[in-house]
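These notes concern the structure reproduced below.
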Amino acid sequence: MSAIPYADDVLDPSVSLLQFADVAKILDVPKTRVEQLIRDRQLLALKRSRVPGVPEQFLDTTKGTIVKGLPGLLAVLHDGGYEDEEILRWLFTEDESLPGAPVAALHGDLMREVIRRAQAMAF
């Protein structure tokens with residue numbers, strides 16, 4: 001089994017991270033499935049103070065799912081040559097033309113707009 005890819009912690013310390021066990025509980029899957037989702041680039045993980053975690057905003061905790069559109073968005077950005085750290089910076093950087101950062105827009109009606117912008121950046 002391959003190693004889990006971790007990004008450098010490029011996020012503001014105020015960004016909440018969930019440990020893999022907590023992600024597994026929210027998604028109602030085994031911890032090994034969370035690790036596989038990260039290997040498959042459906043989620044991104046980073047280490048903060050040597051503790052691996054996933055940004056809480058990547059999950060819809062009320063539905064117990066990964067935020068709709070996130071796996072496709074990550075695929076578009078990876079295919080466009082972006083590294084995990086660049087993706088994390090972009091997702092969590094405030095954008096005045098969106099209501100906040102792109103990751104926040106994924107939780108609302110602007111998911112398609114965020115994916116469209118990612119596609120434009122990738123070309």
Side-chain angles (χ1 to χ4, degrees):
M1 195 166 270
S2 62
I4 299 170
Y6 298 106
D8 292 334
D9 187 1
V10 295
L11 301 179
D12 187 273
S14 66
V15 173
S16 176
L17 296 183
L18 297 172
Q19 293 182 11
F20 293 178
D22 297 324
V23 175
K25 188 179 288 185
I26 290 167
L27 298 178
D28 194 26
V29 298
K31 184 176 161 228
T32 54
R33 177 67 181 131
V34 172
E35 294 168 350
Q36 189 61 47
L37 289 168
I38 294 164
R39 279 195 280 291
D40 292 344
R41 303 283 195 207
Q42 306 245 343
L43 285 173
L44 292 180
L46 56 104
K47 282 190 178 180
R48 180 174 286 163
S49 302
R50 296 187 282 164
V51 177
V54 172
E56 185 174 9
Q57 286 184 284
F58 285 177
L59 303 176
D60 184 335
T61 56
T62 58
K63 294 181 182 175
T65 61
I66 297 172
V67 171
K68 186 177 177 183
L70 180 67
L73 175 65
L74 295 177
V76 165
L77 291 168
H78 279 123
D79 290 349
Y82 287 87
E83 298 293 329
D84 290 349
E85 291 82 5
E86 295 170 308
I87 294 170
L88 287 167
R89 275 191 200 99
W90 181 72
L91 281 171
F92 286 89
T93 298
E94 295 290 319
D95 184 332
E96 58 190 46
S97 65
L98 294 171
V103 72
L106 289 174
H107 289 268
D109 297 332
L110 295 174
M111 176 194 62
R112 288 196 172 119
E113 175 62 17
V114 172
I115 293 172
R116 186 196 65 73
R117 290 179 187 199
Q119 288 169 331
M121 286 175 24
F123 290 108

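Owing to the predicted nature of the structure, the values given are computational and were not obtained by experimental measurement.
Residues forming a side-chain hydrogen bond (donor to acceptor under 3.5 Å, both in side chains) with R116 (at least two apart in sequence, or on another chain): E113. Residues satisfying the side-chain hydrogen bond (donor to acceptor under 3.5 Å, both in side chains) test with T93, not counting sequence neighbours, are none. Shown here are the salt bridge (charged side-chain N to carboxylate O under 4.0 Å, His left out) partners of D22, two or more places apart in sequence or in another chain: there are none. In this structure, E83 has no side-chain hydrogen bond (donor to acceptor under 3.5 Å, both in side chains) partners at least two apart in sequence or on a different chain. A search for salt bridge (charged side-chain N to carboxylate O under 4.0 Å, His left out) contacts involving D95 returns R117, not counting sequence neighbours.
Contact between E85 and A7 at its shortest, heavy atoms only, is OE2-CA, 3.4 Å. For A118 against W90, the heavy-atom pair with the smallest separation is CB-CH2, 4.2 Å. Across all their heavy atoms, L11 and L88 have their closest contact at CD2-O, 3.7 Å. Shortest non-hydrogen contact noted between V114 and A105 is CG2-CB, 3.6 Å. Minimum heavy-atom separation, G100 to E94: CA-OE1, 3.1 Å.
Ring geometry, F20 versus Y6: the interplanar angle falls under 30°, so the pair is classed parallel (tilted spans 30 to 60°).
In this structure, CD1 in I4 is found 11.5 Å from CG in L43, a value given to the nearest 0.5 Å. Here H107 contributes atom NE2 and L59 contributes atom CG; the two are 8.0 Å apart, rounded to the nearest 0.5 Å. Of the inter-residue distances, the one linking L91 atom CG with E86 atom CD reads 12.0 Å to the nearest 0.5 angstrom. Rounding to the nearest 0.5 Å places CD of Q57 at 10.5 Å from CG of L17. Atom NZ of K63 is separated from atom NZ of K68 by 7.5 Å, given to the nearest 0.5 angstrom. Interatomic distance, CZ of R89 versus CG of D8, reported as 8.5 Å (0.5 Å rounding).
A donor-acceptor contact shorter than 3.5 Å links the side chain of D60 to the backbone of T62. In this structure a side-chain-to-backbone donor-acceptor pair under 3.5 Å is missing from Q19 to G53.
Around the CG atom of D28, the shell of radius 6.0 Å holds no more than 12 heavy atoms that belong to other residues, nucleotides or ligands.
The shortest distance between side-chain heavy atoms of Q119 and I115 falls below 4.5 Å. Here the side chains of F92 and P55 are in contact, with some heavy-atom distance below 4.5 Å. Using a 4.5 Å cut-off on side-chain heavy atoms (C-beta onward), L106 and F58 make no contact.
L44 and V29 fall within a single hydrophobic cluster, where Ile, Leu, Val, Met, Phe, Trp and Tyr side chains are chained together by heavy-atom contacts under 4.5 Å. Follow the hydrophobic side-chain contacts under 4.5 Å out from V23 and you never reach V51; the two are in separate clusters.
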**Request:** Evaluate the criterion side-chain contact (heavy atoms from CB on, under 4.5 Å) for residue pair V103 and V67; output intermediate values, then yes/no.
**Result:** CA-CA 9 Å; V103 72; V67 171; over 6 Å; no
Kindly determine whether K31 and E35 satisfy salt bridge (charged side-chain N to carboxylate O under 4.0 Å, His left out), including the steps that lead there. CA-CA 6 Å; K31 184 176 161 228; E35 294 168 350; 3.7 Å; yes
Show me, pair by pair, the donor-acceptor contacts under 3.5 angstrom made by side chains of residues 70-78, not counting sequence neighbours?
residue, atom, partner, partner atom, Å
H78, ND1, L74, O, 3.0
H78, NE2, D84, OD1, 2.6

